[in-house]
Chemist: 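Provided herewith is a single structure, encoded as structure tokens, for subsequent inquiry.
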Number of protein chains: 2
Amino acid sequence: MPDDRKKLTIYQIAELSGVSVSTISRVINNSPYVSARTKARVTDIINKHNFSPSSLARAMTSNHTKTLGVIVSDITNPYFSELYLEIQRYAVDLGYSIILCNTFYGGSNHGVSDAIPENTYFQMILDKQVDGVLILGGEIDRDHISDAYKEALNRMGKQIPVVILGESVPDCNCIFLNRNLSGGIPALIHHLLALGRRKIGFVGGEEGIRTTTARLTAYTQTLKNLGISFDSSLISLSNYYAPDGYRAMAKLLEQPETTPTAIICMNDAVAQGAIRAINDKGLSVPKDISVASCDQFPSGEYTSPRLTTLDQQNSYLGRMSIMTLINAINNDSEGISISHQPRLIIRESCGAHLGIQFQQ
Amino acid sequence: MPDDRKKLTIYQIAELSGVSVSTISRVINNSPYVSARTKARVTDIINKHNFSPSSLARAMTSNHTKTLGVIVSDITNPYFSELYLEIQRYAVDLGYSIILCNTFYGGSNHGVSDAIPENTYFQMILDKQVDGVLILGGEIDRDHISDAYKEALNRMGKQIPVVILGESVPDCNCIFLNRNLSGGIPALIHHLLALGRRKIGFVGGEEGIRTTTARLTAYTQTLKNLGISFDSSLISLSNYYAPDGYRAMAKLLEQPETTPTAIICMNDAVAQGAIRAINDKGLSVPKDISVASCDQFPSGEYTSPRLTTLDQQNSYLGRMSIMTLINAINNDSEGISISHQPRLIIRESCGAHLGIQFQQ
DNA sequence: CATAATTTTGGTACCGATACCAAAATGACA
DNA sequence: TGTCATTTTGGTATCGGTACCAAAATTATG
């Protein structure tokens with residue numbers, strides 16, 4: 001039984017096989033320039049000793065590491081973890097490993113306040129010589145990104161392919177995949193109107209974040225277009241998690257005049273928090289207030305009531321992101337354009353299943 | 001303005017500074033054997049050109065990559081993603097990067113059935129020459145692990161430190177951190193008994209998985225010790241996610257004789273699914289059935305009703321795991337022993353807040 | 001000021017692969 | 001059997017750092 005306590009090198013295999021390192025290299029790289037006899041013998045010895053070449057040494061000459069960097073703001077957020085799953089699945093199929101970097105930026109923070117500066121990760125990842133970088137959320141999602149951040153992005157983008165699932169930033173050496181952030185909002189509003197609701201609020205999300213801004217704009221615009229009287233006191237922002245939804249909704253419920261008959265939440269976590277706040281006030285969903293959400297989480301199907309929400313098609317977005325990155329790495333400049341239409345999922349939280357007309 | 005299109009090497013910096021590569025190496029490694037003058041000049045040039053040494057080349061000589069492998073069965077599961085957050089936080093503080101490998105093993109699968117064999121990852125990670133490996137969930141959580149898996153673990157453990165957050169497997173070159181899997185179950189049962197419940201069911205989890213087996217044993221044992229009549233028809237296993245909780249609970253509700261007055265669920269996701277199943281049958285929680293859970297998720301505080309559950313102290317477990325691994329890497333053989341007592345969180349789903357005595 | 005002690009610097013082998021060119025072995029054919 | 005083409009193999013520079021030893025420069029000492 002061979003000693004596998006330490007990794008063997010190509011030189012030791014050469015020694016054991018009685019051939020040169022060049023020949024071993026040829027065998028492990030499936031070069032045609034080896035005789036069948038030699039190849040068989042060497043393969044045998046390789047298997048017996050469980051040898052596999054050091055990817056480190058390989059990377060030294062080949063200049064690629066078969067490693068990708070994925071920078072994400074909060075992996076505990078179902079939106080990101082679902083994206084990640086799809087990304088990793090595809091990457092592993094193609095032989096890539098993923099260095100995951102959680103920045104905690106704008107995340108739930110879980111009791112800890114200090115986010116890790118994304119620049120720190122940029123450097124870390126660059127030093128590891130990854131073949132490409134994928135950025136999901138974080139500073140890039142702000143309406144206005146800082147010069148320092150942009151400069152860091154630029155520097156990174158000059159060295160390796162950087163794909164960003166987010167809205168384009170001018171003069172940035174990165175590939176942007178623009179999502180359809182506000183798609184589905186009009187459908188959501190029409191759904192609520194059809195049920196009789198007219199006093200529609202907006203709950204959750206954070207000021208200055210792209211997703212929030214885009215949806216908020218779509219929301220106000222749609223209402224305006226329909227000639228619905230609209231009051232900014234029905235908007236209550238905070239953040240993207242259940243506690244935020246609770247807090248934001250509780251604020252709306254403080255005064256009768258700001259209490260809506262329906263709300264649109266940023267995502268299912270926010271919606272769940274909002275529903276709790278409504279229940280704690282002794283009101284009921286959907287009887288007193290209809291609740292809709294913009295971003296479907298797996299849990300939304302099991303809340304009470306089940307959430308009417310938008311499916312943002314995360315798997316599709318994840319797959320497009322990783323495909324774009326790998327194409328960029330392989331210089332297949334064949335641009336990928338993404339087009340996804342968030343799909344309305346009608347369940348119970350707006351009251352459609354009751355088949356009645358609600359009060360306005 | 002320096003050209004930063006390509007990463008500079010230590011040789012080019014040497015050239016630019018008019019000194020030898022040895023000196024540059026000394027500067028970037030903070031060696032005391034450089035004159036202050038030289039050090040200042042070189043540092044200047046390094047900063048101006050934004051140079052940072054290739055961690056690849058460094059790893060070639062130093063034999064460590066400052067990279068860790070983390071193998072997890074399903075990162076979308078809040079249990080694991082919270083562990084991961086704590087692990088990464090600690091690792092990054094110490095200058096380590098993390099290669100994350102999601103095996104999909106026994107996970108929610110998200111519509112895809114084929115898990116990625118963990119052995120594949122073992123090889124991938126070993127080739128990348130990570131300094132250590134952390135395993136969270138997956139095959140290791142089975143009551144009986146396969147010989148092939150064990151052999152793969154062994155081979156890996158011989159080469160690099162492997163820490164497993166899970167129950168010990170004999171003759172395995174790995175460091176095991178045994179969790180207190182069944183802690184808190186008696187407390188949960190006492191809580192239910194105090195509220196008047198006696199027909200207590202067990203919902204969710206999967207046959208042959210350590211967590212399930214341990215908790216099931218604690219459950220039956222506690223009931224037996226208390227002299228409570230116990231019926232195995234009150235046990236309905238399935239898996240660890242909301243749809244599984246729904247399915248398992250629905251099964252119990254099919255017949256009046258198997259319908260419990262209280263249930264203990266494997267985690268908050270399962271509990272949420274179970275509550276939906278109960279509601280869909282026209283019954284109410286906690287009035288008709290009390291629901292308790294063994295594993296706290298952030299969402300459990302925002303369900304209707306709020307979940308009475310067990311806090312497994314994931315942050316603590318995550319921190320202990322990564323600390324153990326890094327200690328092992330540094331040969332600080334100083335063993336870390338973990339001791340966590342799952343803590344009972346009393347909220348609404350068992351009905352304690354109502355202050356009444358329920359039917360048995 | 002010569003010599004020794006100490007500080008500072010330079011040269012080069014090495015880590016484990018690959019790539020490229022040269023050399024050896026084999027086979028084809030006159 | 002000799003010559004040439006083709007297949008197969010070997011030798012070694014290289015990637016970008018570190019480590020170790022030798023050499024040069026500086027300072028201390030008699």
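Lettering follows sequence order; numbering is per chain, from 1. Predicted model only: the values in this text are computed from it and were never measured.
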Chemist: Quick one: label A:Thr38 by what it contacts on the DNA or RNA (base, sugar-phosphate, nothing), any heavy atom closer than 4.0 Å.
Modeler: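 Touches sugar-phosphate only.
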
Chemist: Quick one: are B:Tyr316 and B:Ile338 in side-chain contact, heavy atoms under 4.5 Å?
Modeler: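 Side-chain contact under 4.5 Å: yes.
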
Chemist: Are A:Ser168 and A:Asn178 packed together at the side-chain level, in the sense that at least one heavy-atom pair is separated by less than 4.5 angstrom?
Modeler: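 They are in side-chain contact.
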
Chemist: Would you indicate whether A:Asp147, at its atom CG, is surrounded by more than 12 heavy atoms from other residues, nucleotides or ligands within a distance under 6.0 Å?
Modeler: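 No, not enclosed.
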
Chemist: What does nucleotides 12-23 of chain D look like as a protein-contact string, B for base, S for sugar-phosphate only, - for none, at under 4.0 angstrom between heavy atoms?
Modeler: B-BBBBSB----

Chemist: Strictly by modelled atom types, are A:Thr67 and B:Lys128 linked by a side-chain donor-acceptor pair under 3.5 Å?
Modeler: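 On atom types as modelled, these side chains qualify, holding a pair under 3.5 Å.
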
Chemist: Check the distance between C:dA17's P and A:Lys66's NZ and give it to me in whole angstrom.
Modeler: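 The distance from NZ of A:Lys66 to P of C:dA17 comes to 18 Å, rounded to the nearest Å.
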
Chemist: What residue pairs, at least two apart or across chains, pass ring pair (Phe, Tyr, Trp, His ring centres under 6.0 Å) with a residue in residues 7-33 of chain A?
Modeler: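 Sorted result for residues 7-33 of chain A: empty, none.
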
Chemist: Can you tell me if the side-chain N/O atoms of B:Thr23 get under 4.0 Å from OP1 or OP2 in C:dG10?
Modeler: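 Yes.
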
